[in-house]
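Below is one structure, written out as structure tokens, with a few remarks after it.
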Amino acid sequence: MRGCRIIIPKSHQAEVLNQIHDGHLGITKCRARARCSVYWPGISKVIEEKIKSCTACIQESSNRHQPLIPSSFPERSWEVLGLDLFKYKNSWYLLISDYYSTYPEVARLDRLTSAEIINHCKSIFSRHGIPDVVRSDNGSQFDPVKTVEFKDFAKKLWLYTHIK
């Protein structure tokens, strides 16, 4: 042992290195992963060499993600909303969050369909008002191109031109 880290003998270093590298997390994250549990002399250099010679890691590092574009802050509550779906303990839920107050509304979904989501949106909008802008991750239930139901719902609420 070296502190709380296990010293890995040469005969097992290649196997442990492959486990550290599993997931192609990059040099920094692989080093951090190793720092938590294992050690051998020169481990940092070996991790760097492994990642610099990995074609998947090289390709991923060259695919730089676009920077996030911040949205303007709304002037009032319930002007701009975010819609998303999530699964918790084998049940699906609809999360609607106000961008101004960050107030959440959560509804359990019996079925993962546009019709079910629309019914919950109607209920929530009847309590808080109709938003000016609705944002989602373009899941298939929200996509006006794929789902006629949600497109019609958005048109009725004057949201269609504001969905982003």
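Counting begins at 1 with the first residue of the sequence. Values in this document were obtained by computation on a predicted structure and should not be read as measured data.
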Open item on the list: With a 6.0 Å cut-off (strictly less than), is the heavy-atom count around CZ of R127, excluding the residue itself, greater than 12?
Closed with: yes
TODO: Please name the pair of heavy atoms, one in S77 and one in Y100, separated by the smallest distance, quoted to 0.1 Å.
DONE: OG-CD2, 3.2 Å
Task: Same apolar cluster: L95 and I124, side chain cutoff 4.5 Å - done: no
Task: Parallel, tilted or perpendicular: rings of Y93 and F86 (30°, 60°) - done: parallel
Task: Criterion side chain to side chain contact (heavy atoms under 4.5 Å, CB included) on L81 and F125, from CA distance to verdict - done: CA-CA 11 Å; L81 302 180; F125 294 172; 3.6 Å; yes
Open item on the list: Measuring from atom CG of L85 to atom CD1 of I117, what distance do you get when rounded to the nearest 0.5 angstrom?
Closed with: 4.5 Å
Task: All side chain to side chain contact (heavy atoms under 4.5 Å, CB included) counterparts of K52, not counting sequence neighbours - done: I27, E48
Open item on the list: So, taking the atom named NZ in K50 and the one named SG in C30, what distance separates them when rounded to the nearest 0.5 Å?
Closed with: 10.0 Å
Task: R5 to Y39, cation-pi by 6.0 Å centre distance and 45° axis angle - done: no
- [ ] Provide the closest heavy-atom pair for G82 versus Y99 in the form atom of the first, atom of the second, distance.
- [x] N-CE1, 3.4 Å
- [ ] Give the C-alpha distance, both sets of side-chain angles, the deciding distance and a yes or no for side chain to side chain contact (heavy atoms under 4.5 Å, CB included) between F153 and N119.
- [x] CA-CA 10 Å; F153 171 66; N119 285 336; over 6 Å; no
Open item on the list: For a side chain to side chain contact (heavy atoms under 4.5 Å, CB included) check, start with the C-alpha distance between V16 and I6, then their side-chain angles and the critical distance, and finish with the verdict.
Closed with: CA-CA 11 Å; V16 171; I6 299 170; over 6 Å; no
TODO: Drop me the distance from I51's CD1 to T28's OG1, to the nearest 0.5 angstrom.
DONE: 8.5 Å
Task: Gap between atom SG of C121 and atom CD of E116 - 0.5 Å precision - done: 10.5 Å
Task: Hphob cluster co-occupancy, I96 + L112, side-chain heavy atoms under 4.5 angstrom - done: yes
Open item on the list: Suppose we screen for side chain to side chain contact (heavy atoms under 4.5 Å, CB included). Which residues come up paired with Q13, at least two apart in sequence or across chains?
Closed with: I8, K10, W40
Open item on the list: Would you compute the distance between atom CG of L25 and atom CD1 of I20 and round it to the nearest 0.5 angstrom?
Closed with: 11.0 Å
- [ ] Quick one: pull up NE2 in H21 and CG in N18 and give me the separation to the nearest 0.5 Å.
- [x] 8.5 Å
Task: Taking every non-hydrogen atom, the tightest pair across H128 and E105 - done: NE2-OE2, 2.6 Å
- [ ] Would you indicate whether the side-chain heavy atoms of R108 and D110 approach each other to under 4.5 Å?
- [x] yes
Task: Residues R33 and D22 bridged, charged N to O under 4.0 Å - done: no
TODO: Spell out, as yes or no, whether a donor-acceptor pair under 3.5 Å connects the side chain of D98 to the backbone of W78.
DONE: yes
TODO: Using the side chain to side chain contact (heavy atoms under 4.5 Å, CB included) rule, take L17 and E15 through it: C-alpha gap first, then chi angles, then the decisive distance, then the call.
DONE: CA-CA 5 Å; L17 180 61; E15 178 185 349; over 6 Å; no
